[in-house]
Enquirer: 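The structure is given below, and queries will be raised subsequently.
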Amino acid sequence: MTMYMDVHRGMKGITAAQPKEAHEADTAIEREEGVHFERAWADPESGTVHCLSTAPSADAVQRIHERAGHTADEIHAVPLAV
């Protein structure tokens with residue numbers, strides 16, 4: 001499994017409850033694609049949200065996000081971590 005960091009933009013003014021709800025929508029169906037969403041971070045000022053996951057592919061991550069109603073603008077593999 002590979003780790004992925006995805007980016008969602010255009011969420012200026014996002015509240016603490018909104019990324020929590022989105023994360024819960026992802027985790028409710030993540031197993032169907034073999035994805036596991038680890039954590040999410042949001043910046044209400046810039047409107048940027050980042051999600052960290054492990055998955056078989058970036059496409060699997062995007063399919064879960066699409067089905068949950070919040071398509072990622074970018075998905076980056078993170079092959080090395082320290």
Enquirer: Give the C-alpha distance, both sets of side-chain angles, the deciding distance and a yes or no for side-chain contact (heavy atoms from CB on, under 4.5 Å) between T48 and V7.
Expert: CA-CA 7 Å; T48 305; V7 182; 3.8 Å; yes
Enquirer: Please determine which of H23, E24, Q18 meets the side-chain hydrogen bond (donor to acceptor under 3.5 Å, both in side chains) test together with K20.
Expert: E24
Enquirer: Is there a donor-acceptor contact under 3.5 Å linking the side chains of H76 and E74?
Expert: yes
Enquirer: Working to the nearest 0.5 angstrom, can you tell me the gap between M1 CE and M3 CE?
Expert: 10.5 Å
Enquirer: With ring centroids as reference points, do H8 and H50 lie under 6.0 angstrom apart?
Expert: no
Enquirer: Measure the OG-CD distance between S53 and E30 for me, rounded to the nearest 0.5 Å.
Expert: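 Atom-to-atom, S53:OG and E30:CD are 9.0 Å apart.
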Enquirer: Measuring from E33:CD to S57:OG, what's the distance to the nearest 0.5 Å?
Expert: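 Between E33 CD and S57 OG, I get 7.5 Å after rounding to 0.5 Å.
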Enquirer: Quick one: do the D26 and H65 side chains pair a donor with an acceptor below 3.5 Å?
Expert: yes
Enquirer: Quick one, P19 and I14 - any side-chain contact, counting heavy atoms below 4.5 Å?
Expert: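 Yes, their side chains come closer than 4.5 Å.
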Enquirer: For the backbone of K12 and the side chain of E45, can you confirm whether one donor and one acceptor N or O come within less than 3.5 Å of each other?
Expert: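 No, E45 side chain to K12 backbone: no donor-acceptor pair under 3.5 Å.
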Enquirer: Is R67 paired with E32 through a side-chain N to carboxylate O contact shorter than 4.0 Å?
Expert: yes
Enquirer: Considering all heavy atoms of both residues, which atom of A25 and which atom of H70 are nearest to each other, and what is their separation?
Expert: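 Shortest heavy-atom separation between A25 and H70 comes out as CB-CE1, 4.5 Å.
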Enquirer: Report yes or no: do I75 and M5 belong to one cluster of Ile/Leu/Val/Met/Phe/Trp/Tyr joined by side chain heavy-atom distances under 4.5 Å?
Expert: no
Enquirer: Are V78 and V49 connected, step by step, through hydrophobic side chains (Ile, Leu, Val, Met, Phe, Trp, Tyr) whose heavy atoms are closer than 4.5 Å?
Expert: no
Enquirer: Starting at CD1 of I64, measure out to OG1 of T71 and round the result to the nearest 0.5 Å.
Expert: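 Result: 12.0 Å between the selected atoms.
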Enquirer: Is there a chain of hydrophobic side chains (I, L, V, M, F, W, Y, each step under 4.5 Å between heavy atoms) that links W41 to F37?
Expert: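 They do not share one cluster, since no chain of ILVMFWY contacts under 4.5 Å joins W41 to F37.
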Enquirer: Would T54 and T2 count as a side-chain contact (heavy atoms from CB on, under 4.5 Å) if you check the C-alpha gap in whole Å, the side-chain angles of each, and the deciding distance to 0.1 Å?
Expert: CA-CA 5 Å; T54 53; T2 302; over 6 Å; no
